[in-house]
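In what follows, a structure is listed as C-alpha cells, so that the remarks can point back to it.
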Amino acid sequence: MHIRGDHVELVVGGRLDVRSAADARTVLHSAVDDGVGDLVLDLTGLDSWDATGLGVIMGAHRRAGRCGRRLVLRGVPPQMQRLLVATRLHRILAIEGGLAAESLPRV
C-alpha cells in the first residue's frame, strides 16, 4: 500500500488491509489533524481492502468529524462500492459523485 498527498487530498494505492492498517491510520490521522475543510481520499488506485482497512477509513471519518472536517471518498472501485452498499456505509460516508448504479441493490 502507498499513500501520497497532503492534508487536503490523499491518493491511496495497493492493498489497504491488516498489514498496512497501522501505517495508513498514522498518515490519515496526521492529514486530518493538520488541515481544514474536506479531506479527499482518492481510492482510484486501491486494489482491495479488508475489514481492517474499512475500519481505518471509518476511524478517519469519525476523527475528521470531531475536527470539524469531512472525509470524502473519490474514485471508489466497483467491488468496494458494493461492499459499502452491503454494509450500508454508503449512507454514512461522503462519496464524491455518489455510487455507480450497478453497485446499488436491485429492488
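Keep in mind the model is a prediction, meaning the values are calculated, not measured.
- Cluster annotation: Val72 and Val27 are assigned to distinct hydrophobic clusters (Ile/Leu/Val/Met/Phe/Trp/Tyr, side-chain heavy-atom contacts under 4.5 Å, transitive).
- Residues Ile57 and Val40 fall into different hydrophobic clusters, defined by Ile, Leu, Val, Met, Phe, Trp and Tyr side chains chained together at heavy-atom separations under 4.5 Å.
- Contact annotation: the side chain of Ser20 approaches that of Asp17 to within less than 4.5 Å [non-hydrogen atoms, C-beta and beyond].
- Looking at heavy atoms from C-beta onward, Gln81 lies out of side-chain contact with His90 at the 4.5 angstrom threshold.
- Closest non-hydrogen pair, Ala94 versus Arg70, comes out as CB-NH1, 3.8 Å.
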Q | Worked check of side-chain contact (heavy atoms from CB on, under 4.5 Å) between Met58 and Ile92 | A | CA-CA 9 Å; Met58 290 307 298; Ile92 297 169; 4.2 Å; yes

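- Put simply, Val32 and Leu89 are part of the same group of oily side chains (I, L, V, M, F, W, Y) that touch within less than 4.5 Å, one to the next.
- By the 4.5 Å heavy-atom criterion applied to side chains, Thr44 and Val11 are not counted as neighbours.
- Taking the side chain as every heavy atom from C-beta outward, Leu46 and Met80 approach each other to under 4.5 Å.
- Between Leu93 and His61, some side-chain heavy-atom pair lies under the 4.5 Å cut-off.
- Between the CG atom of Leu10 and the NE2 atom of His2 there is a distance of 11.5 Å, given to the nearest 0.5 Å.
- Taken to the nearest 0.5 Å, the CZ atom of Arg4 stands 8.5 Å off from the CG atom of Asp42.
- For the pair Leu39 and Val8, the minimum side-chain heavy-atom distance is 4.5 Å or more.
- To the nearest 0.5 Å, atoms CG (Leu28) and CZ (Arg25) are separated by 9.5 Å.
- Using a 4.5 Å heavy-atom cutoff, the side chains of Arg74 and Leu41 are not in contact.
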**Q.** Trace of the side-chain contact (heavy atoms from CB on, under 4.5 Å) decision for His7 with Asp33
**A.** CA-CA 8 Å; His7 57 272; Asp33 295 345; over 6 Å; no

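- Atom CZ of Arg69 and atom CG of Asp38 lie 8.0 Å apart (nearest 0.5 Å).
- One N or O on the side chain of Asp6 and one on the backbone of Glu9 form a donor-acceptor pair closer than 3.5 Å.
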What side-chain donor-acceptor pairs closer than 3.5 Å can you find for residues 47-56, not counting sequence neighbours?
{"from": "Asp50", "atom 1": "OD1", "to": "Thr52", "atom 2": "N", "distance (Å)": "3.0"}
{"from": "Asp50", "atom 1": "OD1", "to": "Gly53", "atom 2": "N", "distance (Å)": "2.9"}
{"from": "Asp50", "atom 1": "OD2", "to": "Val18", "atom 2": "N", "distance (Å)": "3.2"}

